[in-house]
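Note that these values count all heavy atoms, side chains included, but never hydrogens, waters or copies made by symmetry. Proteins get letters first, then strands, A, B, ... in listed order; numbering begins at 1 in each.
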Amino acid sequence: MHPALAIAAKDVRQRIRDRSAIVLGIVAPLVIAALMSLAFRGAETIHLTVGVVNSDHGAAAAGLLSALRSPGLKDLVTVVPEPSEGSASAAVHAGRAGAAIIIPSGFTNSVSRSRPLPLTTLTNVNNTVAAQITSSIAQSFVAQVNADRLSVATASAAGEPSGSAAAALDKAHLSLPIRTVQSALGAKRLKTISYYGPSMAIFFLLFTISFTARSFFVERDQGNIERMLAAPLRPRSVLLGKVLSAFVFGIVSLSIIAAVTTFAFGADWGNPLAAGLLSLAMVLAVTATTALVIGVAHTQRQAEGISSFAVFGLALLGGNFVFVSVTPPIMQRLALLTPNGWALRGYTDLATTGGGLAIVGLPIAAILVYTLVVATAASVLAPRALTP
Amino acid sequence: MATVEAVATKGPVLEVSGITRRFGDRLAVDDVSFSIPPGEIYGLLGPNGAGKTTTIKMICGLLQADSGTVRVAGHQAGTLAAKAVVGYVPQDVALYPDLTGRENLQFLGRLFGLSGGVLDERVDEALELSDLADRAGEHLSSYSGGMQRRLNIAAGLLNHPVLLVLDEPTVGVDPQSRHAILERVQSFGQLGMAVVYTTHYMEEAERVCDRVGIIDQGRLVAEGTRRELVDRLGERDRIDLGASGDIERWAEACRALDGVDGAAVADHQVQLLVHEGRKLLPAVLEAAERTGVQVSSVDVVEPDLEAVFLHLTGTALRE
Ligand SMILES: Nc1ncnc2c1ncn2[C@@H]1O[C@H](COP(=O)(O)OP(=O)(O)OP(=O)(O)O)[C@@H](O)[C@H]1O
Ligand SMILES: [Mg+2]
């Protein structure tokens, strides 16, 4: 057996015996993910009330309204007719409606002209989600209308009777906004547990850094490292064994949490292969960070301080505590400096799109870049921890 | 332990030549040289901070010497080949309390590349040797301090070393366990192993070691068999005087007396190294009266390594 494997096996055995490690690595993330998803259960079903001011009463306006009221959108959108722009604005302000769409008078007629009248959306800064969804409904409707206008114009130019072109226009309108609304909400809605499962799993995975770095210095202070170094092995093997144990423990704890949240709480981790590779990359990042902490710290205390800083810094920046998508853009950009930020993005993309490897390609690449940079720094600094 | 392989090397198993090591401004080991043939138990005797552990770490390749060389069975210390034939027993128990005795030994054995049946054999042998076979399945945390020390020593034998290095293996051990440990160490020598044994207990060095090196403030001040070392004292006697009061001042006064070679203070005791002790005693007691010291006991001691240490360094082996 390679000495590094012997050391890793010994560490894993010790960690399995250590109740606090089991609690920190497996029990705590499960409990907290379950609590979080209970606490945020309401947020799971996003429902939107849209006020509509119909000053047009033409075919195009009817197309928009019937699309919004279609069975596919019934659960997501409630349409409330508003008599005037003033009353719609008041409803949005008071929060009775998330947003409002104003269909101007003469809209249907304008469609066949070269310059169609614009749809106006009224939104509230306090409800950015509703604002986004409503704007994108309006935009895509206008875009579709424009496309149809083009085909109608083409058809007319080709001598087709304008009646059939108008019918085609009506039909085209009907299905489009459903897709728009759904894509604005994510093709599949993200269940809270599908966010907090991975998020808490990663957060507690980060504690592997503290745990392993600390145990290295404890072993050094108690003469265990020295005793290992008295055996015929390369100093690197000791370090390798240590970080290997972090790797194994990380993989095991992530797998257990993924299995339990999936089967007990119905979390969706997405495509298993893609989620597995993403997890692997994330555990590698944690392993490299562990090696770096060992390399940077000089004492057990320093190791504890530095790793706490790393764990909470990464968790806060990466969005393990809050949905990154509701934080300001600057935070969303900062999250992409952290491997856990990328991993979370990967997991949520997997869960909401139902996609596979292609979805996590970029997150995995980003995490591996982080890992490579950190591992390089660690390989320069860490051997120093072994020379007395 | 009948399976310890015969040492194949001709010449010394350990050759230390002129090693020096500093920590910052402190000279921890200063130009130390000695060598040990197969089967010899060599004692490094010296007080706290003398440089024993530092010397041992350089022998085991755990610390780089600033200058000088160490060769183990012909290999330069610190190389994998040298480490493979050295058994290192650290001063403090370096085992895992949350692993069982057997698991601890298995782990260390694997680091020496042992596996399968050989590993099992060596582990059983070490458990046997430390009289812990019946407790092998218990976590080390449930062992007494003495048991842990015994296992700590046995762990150093897993690789059947040609050189066993023991750093104060009996510190904190009750007299009975100590006796057992010393007997074991003596048997290792009889099996052909070379042993380096550090201690600050004169009695231990006298009892187990074939040869003793006396180390003080990083320097090896004398070396030889017990006999050779004691002969250096010539006709001198050692007198131990138990006393209370300002014994430092009294020791100072004694040093000034004719015929006193050395005077050292060790907990409530003054050790004197004198020519013709009996004749000198009245003057010594008079000095005590002069300095206001109450003398409670007077012992004229057989010349021993402690007296040698006093003779060579002017200080007591134990503070
Ligand atoms: N890592 C270190 N850094 C600085 N000084 C050190 C270091 N190791 C040892 N020393 C110093 O070197 C000197 C010799 O220490 P060493 O541990 O070799 O003594 P020792 O003979 O083993 O003592 P003891 O009987 O107390 O174990 C001491 O003054 C000690 O303070
Ligand atoms: Mg020492």
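Side-chain atoms of A:K10 and B:Q106, non-hydrogen and from C-beta on, never get closer than 4.5 Å to each other. With contacts defined as side-chain heavy-atom distances shorter than 4.5 Å, the pair B:N152/A:R227 qualifies. Using a 4.5 Å heavy-atom threshold, the side chains of A:L233 and B:F112 count as separate.
Atom CD of A:Q300 is surrounded by more than 12 heavy atoms from other residues, nucleotides or ligands within 6.0 Å. Remark: A:K242 NZ is packed, more than 12 non-hydrogen atoms of other residues, nucleotides or ligands lying under 6.0 Å away. For CD of B:E128, the number of neighbouring non-hydrogen atoms (other residues, nucleotides, ligands) closer than 6.0 Å is 12 at most.
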Please table the atom pairs, donor to acceptor, closer than 3.5 Å between any side-chain atom in residues 161-173 of chain B and protein atoms at least two apart or in another chain.
from: B:D167; atom 1: OD1; to: B:T198; atom 2: OG1; distance (Å): 2.7
from: B:D167; atom 1: OD2; to: B:T53; atom 2: OG1; distance (Å): 2.8
from: B:E168; atom 1: OE1; to: B:H200; atom 2: ND1; distance (Å): 3.0
from: B:T170; atom 1: OG1; to: B:E204; atom 2: OE1; distance (Å): 3.1
from: B:T170; atom 1: OG1; to: B:E204; atom 2: OE2; distance (Å): 2.3

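For residues 76-89 of chain B, heavy-atom neighbours of chain A at less than 4.5 Å comprise B:L80, B:K83, B:A84, B:Y88, B:V89, sorted by residue number. Contacts between residues 22-29 of chain B and chain A, counted as heavy-atom pairs separated by less than 4.5 Å, involve no residue at all.
Between the CG atom in A:N224 and the CG atom in B:N104 there is a gap of 8.5 Å [rounded to 0.5 Å]. Between B:L63 atom CG and A:L229 atom CG the span is 11.5 Å, to the nearest 0.5 Å.
Summarising the geometry of A:G223 relative to B:A94, their closest heavy-atom pair is O-CB, 3.6 Å, with the distance given to 0.1 Å. Scanning all heavy atoms of the two residues, the minimum distance from A:P232 to B:L111 falls at CD-O, 3.9 Å.
Interface residue B:L95: backbone and side-chain heavy atoms are both found under 4.5 Å from chain A. With a 4.5 Å cut-off on non-hydrogen atoms, A:I225 does not touch chain B at all. Neither the backbone nor the side chain of B:D92 comes within contact range of chain A, judged by heavy atoms closer than 4.5 Å.
Tested against B:Y96, the residues A:E219, A:Q14, A:R17 include a single side-chain hydrogen bond (donor to acceptor under 3.5 Å, both in side chains) partner, A:E219.
Taking the side chain to side chain donor-acceptor pair (under 3.5 Å) definition, one finds that A:R13 meets it with B:E103, sequence neighbours left out.
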